[in-house]
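Below is one structure, written out as C-alpha coordinates; comments come after it.
So that the names make sense, note that chain A is the first sequence line, chain B the second, and so on, each numbered from 1.
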There are 2 protein chains.
Amino acid sequence: MTGQQEPVIWMRPEQAAAGRPAERSRAEITAAAVELADREGLDAVSMRRVAAALDTGAASLYRYVSARDDLLALMVDSTAGEYDLSPPTGDWQADLLVIARQARQIMQRHPWLPELVITRPVLGPHGVDLLEHVLDVLAGHPAEPAAKLEAFALLNALTALFVQHELAAAAPEARRQAAYLQHIAAAGGHPRIAALQAVAAPPADTSRDRFASVLVRALTGVLG
Amino acid sequence: MTGQQEPVIWMRPEQAAAGRPAERSRAEITAAAVELADREGLDAVSMRRVAAALDTGAASLYRYVSARDDLLALMVDSTAGEYDLSPPTGDWQADLLVIARQARQIMQRHPWLPELVITRPVLGPHGVDLLEHVLDVLAGHPAEPAAKLEAFALLNALTALFVQHELAAAAPEARRQAAYLQHIAAAGGHPRIAALQAVAAPPADTSRDRFASVLVRALTGVLG
DNA sequence: AGCCTTCGCGTACGGTGTTCGCGAATGTTC
DNA sequence: GAACATTCGCGAACACCGTACGCGAAGGCT
(Lines give C-alpha, C1' and ligand atoms only; values in the text may rest on other atoms or scores of the structure.)
Protein backbone atom coordinates (compact mmCIF):
# COMPACT_ATOMS: atom_id res chain seq x y z
CA MET A 1 0.00 0.00 0.00
CA THR A 2 2.38 2.71 1.18
CA GLY A 3 4.41 3.48 -1.91
CA GLN A 4 8.08 2.88 -1.25
CA GLN A 5 9.86 6.15 -2.01
CA GLU A 6 13.49 7.11 -2.28
CA PRO A 7 14.75 8.55 0.98
CA VAL A 8 16.55 11.85 1.48
CA ILE A 9 20.09 11.89 0.12
CA TRP A 10 21.76 11.79 3.53
CA MET A 11 20.10 8.49 4.34
CA ARG A 12 21.60 6.82 1.30
CA PRO A 13 25.10 5.41 1.78
CA GLU A 14 27.76 7.52 0.14
CA GLN A 15 29.94 4.54 -0.67
CA ALA A 16 28.55 1.24 -1.90
CA ALA A 17 29.42 -1.79 0.20
CA ALA A 18 30.86 -3.71 -2.73
CA GLY A 19 32.18 -3.15 -6.22
CA ARG A 20 34.50 -0.55 -7.58
CA PRO A 21 34.97 2.35 -5.14
CA ALA A 22 33.87 5.81 -6.23
CA GLU A 23 36.57 8.16 -7.45
CA ARG A 24 35.00 11.24 -5.95
CA SER A 25 33.03 12.17 -2.86
CA ARG A 26 29.87 14.13 -2.23
CA ALA A 27 31.92 16.75 -0.42
CA GLU A 28 34.17 17.18 -3.43
CA ILE A 29 31.24 17.62 -5.78
CA THR A 30 29.47 19.93 -3.38
CA ALA A 31 32.56 22.08 -3.04
CA ALA A 32 32.87 22.38 -6.80
CA ALA A 33 29.21 23.34 -7.14
CA VAL A 34 29.45 25.92 -4.35
CA GLU A 35 32.53 27.48 -5.84
CA LEU A 36 30.87 27.65 -9.22
CA ALA A 37 27.76 29.27 -7.75
CA ASP A 38 29.84 31.77 -5.79
CA ARG A 39 31.69 32.75 -8.92
CA GLU A 40 28.99 32.72 -11.60
CA GLY A 41 25.64 32.44 -9.87
CA LEU A 42 23.16 29.66 -9.37
CA ASP A 43 22.22 29.38 -13.03
CA ALA A 44 25.78 28.37 -13.82
CA VAL A 45 25.36 25.30 -11.62
CA SER A 46 24.27 22.88 -14.31
CA MET A 47 25.13 19.22 -14.19
CA ARG A 48 27.38 19.65 -17.20
CA ARG A 49 29.25 22.64 -15.83
CA VAL A 50 29.77 21.10 -12.41
CA ALA A 51 30.95 17.91 -14.04
CA ALA A 52 33.30 19.87 -16.27
CA ALA A 53 34.77 21.59 -13.21
CA LEU A 54 35.57 18.12 -11.91
CA ASP A 55 36.98 16.96 -15.26
CA THR A 56 34.29 14.37 -15.78
CA GLY A 57 31.06 13.79 -17.66
CA ALA A 58 27.62 14.98 -16.64
CA ALA A 59 26.23 11.48 -16.34
CA SER A 60 28.88 10.60 -13.79
CA LEU A 61 27.35 12.94 -11.24
CA TYR A 62 24.27 10.78 -11.08
CA ARG A 63 26.33 8.15 -9.28
CA TYR A 64 26.53 10.60 -6.38
CA VAL A 65 23.28 12.48 -6.65
CA SER A 66 19.90 11.31 -7.85
CA ALA A 67 18.91 14.65 -9.36
CA ARG A 68 19.99 18.26 -9.54
CA ASP A 69 17.79 19.01 -6.55
CA ASP A 70 19.95 16.73 -4.46
CA LEU A 71 23.00 18.69 -5.48
CA LEU A 72 21.34 21.94 -4.45
CA ALA A 73 20.38 20.35 -1.14
CA LEU A 74 23.99 19.38 -0.58
CA MET A 75 25.08 22.92 -1.33
CA VAL A 76 22.62 24.39 1.14
CA ASP A 77 23.58 22.01 3.91
CA SER A 78 27.27 22.61 3.34
CA THR A 79 26.76 26.29 4.12
CA ALA A 80 25.04 25.33 7.36
CA GLY A 81 28.42 23.94 8.33
CA GLU A 82 29.90 27.45 8.32
CA TYR A 83 28.24 28.48 11.57
CA ASP A 84 30.28 28.89 14.70
CA LEU A 85 28.03 27.51 17.41
CA SER A 86 29.05 28.58 20.88
CA PRO A 87 27.10 27.33 23.92
CA PRO A 88 23.92 29.17 24.95
CA THR A 89 24.37 32.03 27.39
CA GLY A 90 20.87 31.94 28.84
CA ASP A 91 19.69 35.03 26.97
CA TRP A 92 17.82 33.42 24.09
CA GLN A 93 17.20 36.66 22.23
CA ALA A 94 20.87 37.51 22.21
CA ASP A 95 21.84 33.99 21.25
CA LEU A 96 19.40 33.88 18.36
CA LEU A 97 20.65 37.24 17.18
CA VAL A 98 24.17 35.88 17.09
CA ILE A 99 22.90 33.04 14.92
CA ALA A 100 21.02 35.41 12.67
CA ARG A 101 24.01 37.65 12.16
CA GLN A 102 26.11 34.66 11.19
CA ALA A 103 23.37 33.56 8.82
CA ARG A 104 23.48 36.98 7.25
CA GLN A 105 27.23 36.84 6.76
CA ILE A 106 27.07 33.36 5.31
CA MET A 107 24.36 34.40 2.88
CA GLN A 108 26.34 37.43 1.84
CA ARG A 109 29.28 35.15 1.18
CA HIS A 110 27.03 32.95 -0.96
CA PRO A 111 24.60 35.24 -2.79
CA TRP A 112 22.74 32.25 -4.21
CA LEU A 113 21.84 30.96 -0.77
CA PRO A 114 18.82 33.12 0.11
CA GLU A 115 16.83 31.97 -2.86
CA LEU A 116 17.47 28.32 -2.06
CA VAL A 117 16.81 28.73 1.65
CA ILE A 118 13.49 30.39 0.92
CA THR A 119 12.20 28.24 -1.89
CA ARG A 120 13.27 24.80 -0.60
CA PRO A 121 14.15 24.70 3.08
CA VAL A 122 16.25 21.61 3.61
CA LEU A 123 17.81 20.03 6.67
CA GLY A 124 20.91 17.95 6.20
CA PRO A 125 23.48 16.89 8.80
CA HIS A 126 24.78 20.42 9.33
CA GLY A 127 21.31 21.90 9.30
CA VAL A 128 20.28 19.42 11.93
CA ASP A 129 23.20 20.47 14.11
CA LEU A 130 22.09 24.07 13.72
CA LEU A 131 18.52 23.18 14.64
CA GLU A 132 19.71 21.28 17.67
CA HIS A 133 21.66 24.32 18.77
CA VAL A 134 18.68 26.63 18.34
CA LEU A 135 16.51 24.22 20.32
CA ASP A 136 19.20 24.25 22.97
CA VAL A 137 19.10 28.04 23.07
CA LEU A 138 15.32 27.89 23.45
CA ALA A 139 15.38 25.02 25.94
CA GLY A 140 14.20 27.18 28.80
CA HIS A 141 11.51 28.92 26.80
CA PRO A 142 7.95 27.86 27.64
CA ALA A 143 6.70 27.88 24.03
CA GLU A 144 5.36 24.75 22.39
CA PRO A 145 7.82 22.60 20.46
CA ALA A 146 6.02 23.28 17.19
CA ALA A 147 6.41 27.01 17.80
CA LYS A 148 10.14 26.59 18.30
CA LEU A 149 10.37 24.80 14.98
CA GLU A 150 8.53 27.65 13.36
CA ALA A 151 10.85 30.11 15.02
CA PHE A 152 13.80 28.29 13.51
CA ALA A 153 12.24 28.38 10.08
CA LEU A 154 11.36 32.04 10.45
CA LEU A 155 14.88 32.90 11.56
CA ASN A 156 16.31 31.40 8.40
CA ALA A 157 13.67 32.68 6.03
CA LEU A 158 13.56 36.23 7.35
CA THR A 159 17.31 36.53 7.23
CA ALA A 160 17.27 35.24 3.68
CA LEU A 161 14.64 37.82 2.76
CA PHE A 162 16.74 40.59 4.22
CA VAL A 163 19.93 39.57 2.48
CA GLN A 164 18.08 39.09 -0.78
CA HIS A 165 16.66 42.56 -0.36
CA GLU A 166 20.00 44.21 0.17
CA LEU A 167 21.63 42.25 -2.63
CA ALA A 168 18.84 43.15 -5.04
CA ALA A 169 19.29 46.85 -4.45
CA ALA A 170 22.37 46.82 -6.67
CA ALA A 171 20.72 44.93 -9.51
CA PRO A 172 19.77 46.75 -12.74
CA GLU A 173 16.24 45.43 -12.37
CA ALA A 174 15.78 47.62 -9.31
CA ARG A 175 16.65 50.68 -11.38
CA ARG A 176 13.94 49.81 -13.88
CA GLN A 177 11.44 49.29 -11.11
CA ALA A 178 12.31 52.68 -9.62
CA ALA A 179 11.91 54.33 -13.01
CA TYR A 180 8.44 52.85 -13.31
CA LEU A 181 7.46 54.10 -9.86
CA GLN A 182 8.64 57.55 -10.84
CA HIS A 183 6.57 57.28 -13.98
CA ILE A 184 3.52 56.36 -11.93
CA ALA A 185 4.14 59.23 -9.55
CA ALA A 186 4.34 61.66 -12.43
CA ALA A 187 1.19 60.35 -14.05
CA GLY A 188 -1.02 61.28 -11.11
CA GLY A 189 -3.68 59.18 -9.46
CA HIS A 190 -1.30 57.85 -6.82
CA PRO A 191 -0.67 60.76 -4.48
CA ARG A 192 0.88 58.69 -1.68
CA ILE A 193 3.45 57.21 -4.03
CA ALA A 194 4.12 60.62 -5.51
CA ALA A 195 4.73 61.98 -2.03
CA LEU A 196 7.25 59.22 -1.51
CA GLN A 197 9.48 60.53 -4.29
CA ALA A 198 9.96 63.79 -2.43
CA VAL A 199 12.28 62.13 0.08
CA ALA A 200 15.48 60.67 -1.25
CA ALA A 201 18.01 59.94 1.51
CA PRO A 202 18.07 56.23 2.39
CA PRO A 203 19.22 56.03 6.02
CA ALA A 204 21.40 52.97 5.53
CA ASP A 205 22.98 53.37 8.95
CA THR A 206 19.81 52.16 10.64
CA SER A 207 19.43 49.06 8.47
CA ARG A 208 21.27 46.72 10.77
CA ASP A 209 19.19 47.76 13.75
CA ARG A 210 16.05 47.29 11.68
CA PHE A 211 17.19 43.79 10.82
CA ALA A 212 17.55 42.97 14.49
CA SER A 213 14.35 44.60 15.63
CA VAL A 214 12.17 43.03 12.97
CA LEU A 215 13.69 39.65 13.58
CA VAL A 216 13.28 39.74 17.35
CA ARG A 217 9.72 41.00 17.10
CA ALA A 218 8.76 38.35 14.58
CA LEU A 219 10.34 35.67 16.74
CA THR A 220 8.50 36.81 19.84
CA GLY A 221 5.43 36.66 17.64
CA VAL A 222 5.76 32.94 16.97
CA LEU A 223 7.02 32.09 20.41
CA GLY A 224 4.05 33.78 22.02
CA MET B 1 27.49 57.16 -21.07
CA THR B 2 24.43 55.87 -19.26
CA GLY B 3 23.60 52.68 -21.11
CA GLN B 4 20.10 52.92 -22.55
CA GLN B 5 18.19 49.96 -21.17
CA GLU B 6 14.83 48.49 -21.99
CA PRO B 7 12.17 49.75 -19.60
CA VAL B 8 9.77 47.67 -17.52
CA ILE B 9 7.08 45.97 -19.58
CA TRP B 10 4.27 48.28 -18.43
CA MET B 11 6.07 51.30 -19.83
CA ARG B 12 6.14 49.82 -23.30
CA PRO B 13 3.03 50.42 -25.39
CA GLU B 14 0.87 47.35 -25.69
CA GLN B 15 -0.30 48.25 -29.16
CA ALA B 16 1.99 49.76 -31.78
CA ALA B 17 0.91 53.10 -33.17
CA ALA B 18 1.03 51.90 -36.75
CA GLY B 19 1.07 48.72 -38.79
CA ARG B 20 -0.96 45.60 -38.46
CA PRO B 21 -2.82 45.41 -35.13
CA ALA B 22 -1.99 42.57 -32.80
CA GLU B 23 -4.36 39.62 -32.72
CA ARG B 24 -4.04 39.05 -28.99
CA SER B 25 -3.59 41.14 -25.88
CA ARG B 26 -1.31 40.95 -22.89
CA ALA B 27 -4.31 40.22 -20.71
CA GLU B 28 -5.28 37.28 -22.88
CA ILE B 29 -1.80 35.81 -22.75
CA THR B 30 -1.51 36.46 -19.04
CA ALA B 31 -4.83 34.73 -18.39
CA ALA B 32 -3.72 31.68 -20.35
CA ALA B 33 -0.46 31.51 -18.44
CA VAL B 34 -2.19 31.90 -15.08
CA GLU B 35 -4.68 29.21 -15.88
CA LEU B 36 -1.91 26.89 -16.98
CA ALA B 37 0.04 27.54 -13.79
CA ASP B 38 -3.03 27.01 -11.62
CA ARG B 39 -3.66 23.70 -13.29
CA GLU B 40 -0.19 22.22 -13.76
CA GLY B 41 2.22 24.33 -11.77
CA LEU B 42 4.77 26.96 -12.64
CA ASP B 43 7.08 24.60 -14.47
CA ALA B 44 4.35 23.97 -17.02
CA VAL B 45 4.42 27.65 -17.96
CA SER B 46 6.86 27.44 -20.83
CA MET B 47 6.69 29.68 -23.83
CA ARG B 48 5.73 26.74 -26.00
CA ARG B 49 2.98 25.51 -23.72
CA VAL B 50 1.46 28.94 -23.20
CA ALA B 51 1.56 29.53 -26.93
CA ALA B 52 -0.07 26.16 -27.57
CA ALA B 53 -2.85 27.06 -25.15
CA LEU B 54 -3.47 30.09 -27.34
CA ASP B 55 -3.26 28.10 -30.56
CA THR B 56 -0.18 29.86 -31.78
CA GLY B 57 3.58 29.42 -32.01
CA ALA B 58 6.10 30.09 -29.27
CA ALA B 59 7.85 32.82 -31.23
CA SER B 60 4.63 34.78 -31.47
CA LEU B 61 4.63 35.47 -27.75
CA TYR B 62 7.74 37.57 -28.14
CA ARG B 63 5.64 40.21 -29.86
CA TYR B 64 3.92 40.77 -26.53
CA VAL B 65 6.65 39.96 -24.04
CA SER B 66 10.39 40.44 -24.32
CA ALA B 67 11.27 37.36 -22.30
CA ARG B 68 9.73 34.72 -20.10
CA ASP B 69 10.46 36.88 -17.06
CA ASP B 70 8.12 39.48 -18.45
CA LEU B 71 5.38 36.90 -18.68
CA LEU B 72 5.92 35.92 -15.05
CA ALA B 73 5.79 39.57 -14.06
CA LEU B 74 2.47 39.93 -15.87
CA MET B 75 1.14 36.90 -14.04
CA VAL B 76 2.16 38.28 -10.64
CA ASP B 77 0.66 41.68 -11.29
CA SER B 78 -2.58 40.17 -12.53
CA THR B 79 -3.06 38.49 -9.17
CA ALA B 80 -2.56 41.85 -7.47
CA GLY B 81 -5.76 42.83 -9.25
CA GLU B 82 -7.71 40.33 -7.20
CA TYR B 83 -7.62 42.40 -4.03
CA ASP B 84 -10.75 44.09 -2.81
CA LEU B 85 -9.50 47.41 -1.50
CA SER B 86 -11.94 49.13 0.82
CA PRO B 87 -11.10 52.57 2.26
CA PRO B 88 -8.94 52.77 5.41
CA THR B 89 -10.79 52.68 8.71
CA GLY B 90 -8.16 54.47 10.75
CA ASP B 91 -6.92 51.33 12.50
CA TRP B 92 -3.85 50.55 10.44
CA GLN B 93 -3.16 47.21 12.06
CA ALA B 94 -6.65 45.94 11.32
CA ASP B 95 -6.52 47.31 7.78
CA LEU B 96 -3.18 45.68 7.05
CA LEU B 97 -4.47 42.42 8.45
CA VAL B 98 -7.38 42.57 6.04
CA ILE B 99 -4.89 42.98 3.22
CA ALA B 100 -2.74 40.15 4.47
CA ARG B 101 -5.68 37.78 4.75
CA GLN B 102 -6.66 38.57 1.20
CA ALA B 103 -3.09 38.01 0.11
CA ARG B 104 -3.22 34.64 1.77
CA GLN B 105 -6.39 33.66 -0.02
CA ILE B 106 -5.06 34.82 -3.35
CA MET B 107 -1.87 32.86 -2.88
CA GLN B 108 -3.81 29.77 -1.93
CA ARG B 109 -5.80 30.18 -5.11
CA HIS B 110 -2.55 30.41 -7.07
CA PRO B 111 -0.07 28.04 -5.44
CA TRP B 112 2.70 29.23 -7.74
CA LEU B 113 2.44 32.80 -6.50
CA PRO B 114 4.44 32.65 -3.24
CA GLU B 115 7.58 31.54 -4.99
CA LEU B 116 7.35 34.35 -7.52
CA VAL B 117 6.45 36.99 -4.94
CA ILE B 118 9.44 36.00 -2.83
CA THR B 119 12.07 35.54 -5.50
CA ARG B 120 11.21 38.47 -7.75
CA PRO B 121 9.04 41.12 -6.14
CA VAL B 122 7.48 43.09 -8.97
CA LEU B 123 5.20 46.09 -9.07
CA GLY B 124 2.92 46.50 -12.07
CA PRO B 125 -0.21 48.63 -12.40
CA HIS B 126 -2.20 46.51 -9.97
CA GLY B 127 0.68 46.19 -7.57
CA VAL B 128 1.07 49.93 -7.60
CA ASP B 129 -2.60 50.34 -6.72
CA LEU B 130 -2.10 47.98 -3.81
CA LEU B 131 0.95 49.89 -2.65
CA GLU B 132 -0.95 53.15 -2.87
CA HIS B 133 -3.66 51.65 -0.71
CA VAL B 134 -1.21 50.43 1.90
CA LEU B 135 0.42 53.84 2.00
CA ASP B 136 -3.04 55.31 2.45
CA VAL B 137 -3.65 52.98 5.38
CA LEU B 138 -0.34 54.07 6.91
CA ALA B 139 -0.83 57.75 6.10
CA GLY B 140 -1.23 58.71 9.73
CA HIS B 141 1.65 56.62 10.94
CA PRO B 142 4.76 58.58 11.95
CA ALA B 143 7.24 56.12 10.47
CA GLU B 144 9.68 57.13 7.76
CA PRO B 145 8.55 56.60 4.16
CA ALA B 146 11.30 54.07 3.57
CA ALA B 147 10.04 52.07 6.55
CA LYS B 148 6.55 52.00 5.08
CA LEU B 149 7.92 50.63 1.84
CA GLU B 150 9.70 47.94 3.79
CA ALA B 151 6.51 47.18 5.66
CA PHE B 152 4.74 46.66 2.36
CA ALA B 153 7.46 44.34 1.14
CA LEU B 154 7.45 42.45 4.41
CA LEU B 155 3.68 42.07 4.34
CA ASN B 156 3.86 40.40 0.94
CA ALA B 157 6.93 38.30 1.61
CA LEU B 158 5.87 37.05 5.02
CA THR B 159 2.46 36.07 3.75
CA ALA B 160 4.09 34.25 0.88
CA LEU B 161 6.34 32.40 3.29
CA PHE B 162 3.39 31.33 5.38
CA VAL B 163 1.35 30.09 2.47
CA GLN B 164 4.35 28.32 1.02
CA HIS B 165 4.85 26.67 4.38
CA GLU B 166 1.30 25.40 4.63
CA LEU B 167 1.25 24.25 1.03
CA ALA B 168 4.53 22.39 1.45
CA ALA B 169 3.18 20.39 4.38
CA ALA B 170 1.21 18.22 1.97
CA ALA B 171 4.14 17.59 -0.38
CA PRO B 172 5.87 14.21 -0.41
CA GLU B 173 9.17 15.95 0.14
CA ALA B 174 8.02 16.93 3.62
CA ARG B 175 7.44 13.28 4.46
CA ARG B 176 11.01 12.46 3.46
CA GLN B 177 12.33 15.31 5.57
CA ALA B 178 10.34 14.10 8.57
CA ALA B 179 11.69 10.60 8.10
CA TYR B 180 15.22 11.94 8.16
CA LEU B 181 14.56 13.90 11.33
CA GLN B 182 13.23 10.76 12.93
CA HIS B 183 16.35 8.94 11.81
CA ILE B 184 18.52 11.63 13.40
CA ALA B 185 16.53 11.46 16.61
CA ALA B 186 16.95 7.71 16.79
CA ALA B 187 20.68 7.91 16.12
CA GLY B 188 21.38 9.91 19.26
CA GLY B 189 23.57 12.97 19.60
CA HIS B 190 20.67 15.36 19.13
CA PRO B 191 18.67 15.14 22.35
CA ARG B 192 16.60 18.27 21.74
CA ILE B 193 15.42 17.01 18.38
CA ALA B 194 14.73 13.59 19.86
CA ALA B 195 12.61 15.23 22.55
CA LEU B 196 10.66 16.92 19.80
CA GLN B 197 9.45 13.62 18.40
CA ALA B 198 7.70 12.84 21.67
CA VAL B 199 4.97 15.34 20.91
CA ALA B 200 2.81 14.73 17.90
CA ALA B 201 -0.39 16.75 17.88
CA PRO B 202 -0.07 19.78 15.62
CA PRO B 203 -2.48 22.40 16.99
CA ALA B 204 -3.65 23.59 13.60
CA ASP B 205 -6.48 25.62 15.13
CA THR B 206 -4.01 28.22 16.39
CA SER B 207 -2.26 28.63 13.06
CA ARG B 208 -4.34 31.50 11.84
CA ASP B 209 -3.79 33.45 15.01
CA ARG B 210 -0.08 32.77 14.73
CA PHE B 211 -0.12 34.15 11.20
CA ALA B 212 -1.69 37.35 12.44
CA SER B 213 0.48 37.76 15.50
CA VAL B 214 3.74 37.15 13.71
CA LEU B 215 2.76 39.49 10.93
CA VAL B 216 1.68 42.32 13.19
CA ARG B 217 4.75 42.00 15.37
CA ALA B 218 7.06 41.98 12.37
CA LEU B 219 5.31 45.02 10.95
CA THR B 220 5.59 46.95 14.18
CA GLY B 221 9.24 45.97 14.05
CA VAL B 222 9.87 47.77 10.77
CA LEU B 223 7.59 50.66 11.52
CA GLY B 224 9.37 51.36 14.80
C1' DA C 1 -4.09 51.65 -54.95
C1' DG C 2 0.12 51.88 -52.89
C1' DC C 3 3.11 52.15 -49.05
C1' DC C 4 4.81 51.35 -44.61
C1' DT C 5 4.87 49.22 -40.50
C1' DT C 6 3.92 45.66 -37.64
C1' DC C 7 2.42 40.81 -36.89
C1' DG C 8 2.60 35.74 -37.02
C1' DC C 9 5.52 32.21 -36.71
C1' DG C 10 8.54 28.19 -38.98
C1' DT C 11 13.01 27.16 -38.22
C1' DA C 12 17.20 26.84 -35.93
C1' DC C 13 20.77 27.22 -32.19
C1' DG C 14 22.71 26.26 -27.99
C1' DG C 15 21.63 24.88 -23.78
C1' DT C 16 19.22 21.96 -20.07
C1' DG C 17 18.10 17.55 -16.84
C1' DT C 18 18.02 12.86 -17.11
C1' DT C 19 18.23 7.73 -18.86
C1' DC C 20 20.36 3.84 -20.96
C1' DG C 21 23.73 0.67 -21.68
C1' DC C 22 28.23 -1.02 -21.88
C1' DG C 23 33.16 -1.51 -21.03
C1' DA C 24 36.40 -0.98 -17.37
C1' DA C 25 37.81 -1.19 -12.69
C1' DT C 26 37.78 -3.01 -8.24
C1' DG C 27 37.25 -5.90 -3.65
C1' DT C 28 36.07 -10.51 -2.45
C1' DT C 29 36.10 -15.44 -2.78
C1' DC C 30 37.88 -19.63 -4.21
C1' DG D 1 46.35 -16.07 -9.10
C1' DA D 2 41.99 -16.56 -11.35
C1' DA D 3 37.08 -16.06 -11.49
C1' DC D 4 33.19 -13.55 -10.02
C1' DA D 5 29.99 -10.04 -8.48
C1' DT D 6 29.16 -5.54 -8.34
C1' DT D 7 29.81 -0.97 -8.86
C1' DC D 8 31.76 3.04 -11.48
C1' DG D 9 32.59 6.23 -15.37
C1' DC D 10 30.54 8.17 -18.95
C1' DG D 11 29.41 8.69 -24.33
C1' DA D 12 25.29 9.05 -26.64
C1' DA D 13 20.67 10.08 -27.02
C1' DC D 14 15.98 12.02 -25.79
C1' DA D 15 12.81 15.45 -24.84
C1' DC D 16 12.56 19.66 -23.58
C1' DC D 17 13.73 24.62 -22.86
C1' DG D 18 14.34 30.06 -23.93
C1' DT D 19 15.34 32.86 -27.52
C1' DA D 20 17.00 35.07 -32.36
C1' DC D 21 16.30 35.52 -37.20
C1' DG D 22 13.98 36.43 -41.22
C1' DC D 23 10.31 36.47 -44.34
C1' DG D 24 5.62 36.40 -46.13
C1' DA D 25 1.21 38.23 -44.99
C1' DA D 26 -1.92 41.54 -43.15
C1' DG D 27 -3.86 45.67 -41.92
C1' DG D 28 -4.28 51.12 -41.48
C1' DC D 29 -3.12 55.67 -43.56
C1' DT D 30 -2.54 58.70 -47.31
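In this structure, the CD atom of E14(B) is 16 Å from the P atom of dT6(C), given to the nearest Å. Per the geometry, CG belonging to L54(B) stands 15 Å off C1' belonging to dC7(C), to the nearest Å. Here dG9(D) presents its P atom at 10 Å from CD of E28(A), a figure rounded to the nearest Å. Regarding Q15(B), its CD atom lies at a distance of 16 Å from the P atom of dT5(C), rounded to whole Å. Rounded to whole angstrom, the span from the CG atom of D55(A) across to the P atom of dG11(D) amounts to 12 Å. Protein atom CD1 of I29(B) is 11 Å distant from nucleotide atom P of dC9(C), rounded to whole Å. Following rounding to the nearest Å, L61(B) (CG) and dT6(C) (P) show an atom-to-atom distance of 19 Å. In this structure, E23(B) atom CD and dG8(C) atom C1' are separated by 7 Å, rounded to whole Å.
The two residues V45(B) and L36(B) have their closest heavy-atom pair at CA-CD2, 4.2 Å.
A distance of 9.0 Å separates CG in D77(B) from OG1 in T30(B), rounded to the nearest 0.5 Å.
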* Asked: If the sugar-phosphate is the primed atoms plus P, OP1 and OP2 and the base is the rest, what is the B/S/- string for nucleotides 15-25 of chain D, using protein heavy atoms under 4.0 Å?
  -> --BBBB---BB

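Between dC9(C) and S60(B), a contact under 4.0 Å exists linking OP1 or OP2 to a side-chain N or O.
Not a single donor-acceptor pair under 3.5 Å links the side chain of Y64(A) to the backbone N or O of I29(A).
No side-chain donor from either of E82(B) and Q102(B) sits under 3.5 Å from a side-chain acceptor of the other.
With a 6.0 Å cutoff to the six-membered ring centre and a 45° limit on the axis angle, R104(B) counts as a cation-pi contact of F211(B).
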* Asked: Can you list the steps and then say if D43(A) with W112(A) is a side-chain hydrogen bond (donor to acceptor under 3.5 Å, both in side chains)?
  -> CA-CA 9 Å; D43(A) 287 341; W112(A) 44 270; over 6 Å; no

